[in-house]
Amino acid sequence: MLTRLLRERILVLDGAMGTMIQQCRFSERDFRGHLHDHPHDLAGDNDVLSLTRPQTVREMHDAYFAAGADIVETNTFSATRIAQADYGLAAQSGAINLAAAKIAREAADAWTARTPDRPRFVAGALGPTNRTASISPDVNDPAARNVAFDELVAAYREAADALIDGGVDVLLVETVFDTLNAKAALYAIDDAFDRRGARLPIIVSGTITDASGRTLSGQTPEAFWYSVRHVRPLAVGLNCALGAALMRPYIAELARVADTFVSCYPNAGLPNPMSDTGYDETPAETARMLGEFARSGFVNIVGGCCGTTPAHIRAIAEAVAGVAPRRLGGEVERRVA
């Protein structure tokens, strides 16, 4: 169904979960919930809220669906056991991913029942982890690594299995700053699919970290695409790090070379500590630029990353409404069907 809808119109992804959570100004007690005896501080662990404050997470999904999102991401950006180890919750990774997927699934199903002519979807978010397989953490030892490829595969496999069990429609490997990490995630996902004998669509979204036009591990958008093309993703795109204005040449390059659908969900401009959201772009400014991307034929999926809110998503949805999606060639259309 997603493939058919992507041919018909531009779909809207949700905005930043982290921005919404920061606005709640939760205390350590809020993050802990029933985990009051846990020996580590949990403040800042947004993903654990799927266990300790599930209703809050559900309300955030509902807010994005109400704003016009077709797809919401699970609250699992840092839910791998590698990232959760910082909070002493590595053993809870599977439970966090499963709970988050179920919360988002319930929200999507409720909104689909409300508007059956406009189905809503869940993307299982797999973030980059807080370790990199390609880059040394020690400037004095270029060969040093703080994570192994097999460790990443095991962590991503656990998360992917739980997300699939929770009922997601698509798996989203996002904010890719190191393509080797992404390859570990994609390998783990493929293994999960093979063991189940069934597959879900995959979206892969990279991050151009600065004006060099490259990921942190040194790839241009074109090189990034050719590194992940083998998994035949439903969509490939860019998110985070940059606002839409700075992202434009890189999403244009990706749209030029990719033989699949293209996604784009930038930050709300650059960081601004004086702003309520921590970023400087208003909903109207972000929507204006993404509307221009749509009219230029760059995108099939749009949304928001850091600093974006339901107000941004509402404005983006309005800006792309009625604009034709980026077209694929006939042979490619058959390949992604």
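Keep in mind the model is a prediction, meaning the values are calculated, not measured. Residue indices begin at 1 and follow the sequence shown.
Taking N146 as the reference, R131, P137 meet the side chain to side chain contact (heavy atoms under 4.5 Å, CB included) condition, with sequence neighbours excluded.
The pair R25-D30 does not meet the salt-bridge criterion, since no charged nitrogen lies less than 4.0 angstrom from a carboxylate oxygen. For the pair R58 and D62, the salt-bridge criterion is met [side-chain N within less than 4.0 Å of a carboxylate O]. The pair R199-D190 counts as a salt bridge, with a side-chain nitrogen and a carboxylate oxygen less than 4.0 angstrom apart. Between R120 and D14 there is no salt bridge, since no side-chain N of the basic residue sits under 4.0 Å from a carboxylate O of the acidic one. Remark: R105 engages D169 in a salt bridge, criterion side-chain N to carboxylate O under 4.0 Å.
Taking the six-membered ring for Trp and thresholds of 30 and 60 degrees, F65 and W111 have ring planes inclined between 30 and 60 degrees apart.
No more than 12 heavy atoms of other residues, nucleotides or ligands lie within 6.0 Å of OH in Y187, so this atom counts as exposed by the packing criterion. Open room surrounds NZ on K102; 12 or fewer heavy atoms of other groups in view lie less than 6.0 Å from it. Atom CZ of R196 has more than 12 heavy atoms from other residues, nucleotides or ligands within 6.0 Å.
Using a distance-only test at 3.5 Å, with no hydrogens or angles considered, a donor-acceptor pair links the side chain of H312 to the main chain of E281. Remark: the backbone N or O of A43 is paired with a side-chain donor or acceptor of E28 at under 3.5 angstrom. No donor-acceptor distance shorter than 3.5 angstrom exists from the side chain of N75 to the backbone of A100, with no hydrogens or angles considered. No donor-acceptor distance shorter than 3.5 angstrom exists from the side chain of D70 to the backbone of L11, with no hydrogens or angles considered. Judged by distance alone, with hydrogens and angles left aside, the side-chain atoms of N267 form a donor-acceptor pair with the main-chain N or O of C306 at under 3.5 Å.
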Kindly indicate, with the supporting measurements, whether the criterion side-chain contact (heavy atoms from CB on, under 4.5 Å) is fulfilled by Y87 and L35. CA-CA 12 Å; Y87 298 97; L35 300 176; over 6 Å; no

Pair D178, T215 - check side-chain hydrogen bond (donor to acceptor under 3.5 Å, both in side chains), show working. CA-CA 7 Å; D178 180 347; T215 64; over 6 Å; no

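Rounding to the nearest 0.5 Å gives a distance of 7.5 Å between CE of M17 and OH of Y64.
Annotation for M289: hydrophobic cluster partners, listed by chain and number, are none (ILVMFWY side-chain heavy atoms under 4.5 Å, direct or chained).
Inspection of the S93 and Q84 side chains reveals no N or O donor paired with an N or O acceptor under 3.5 Å.
Evaluated for a side chain to side chain contact (heavy atoms under 4.5 Å, CB included) with P266, the options L290, N239, L242 yield exactly one hit, L290.
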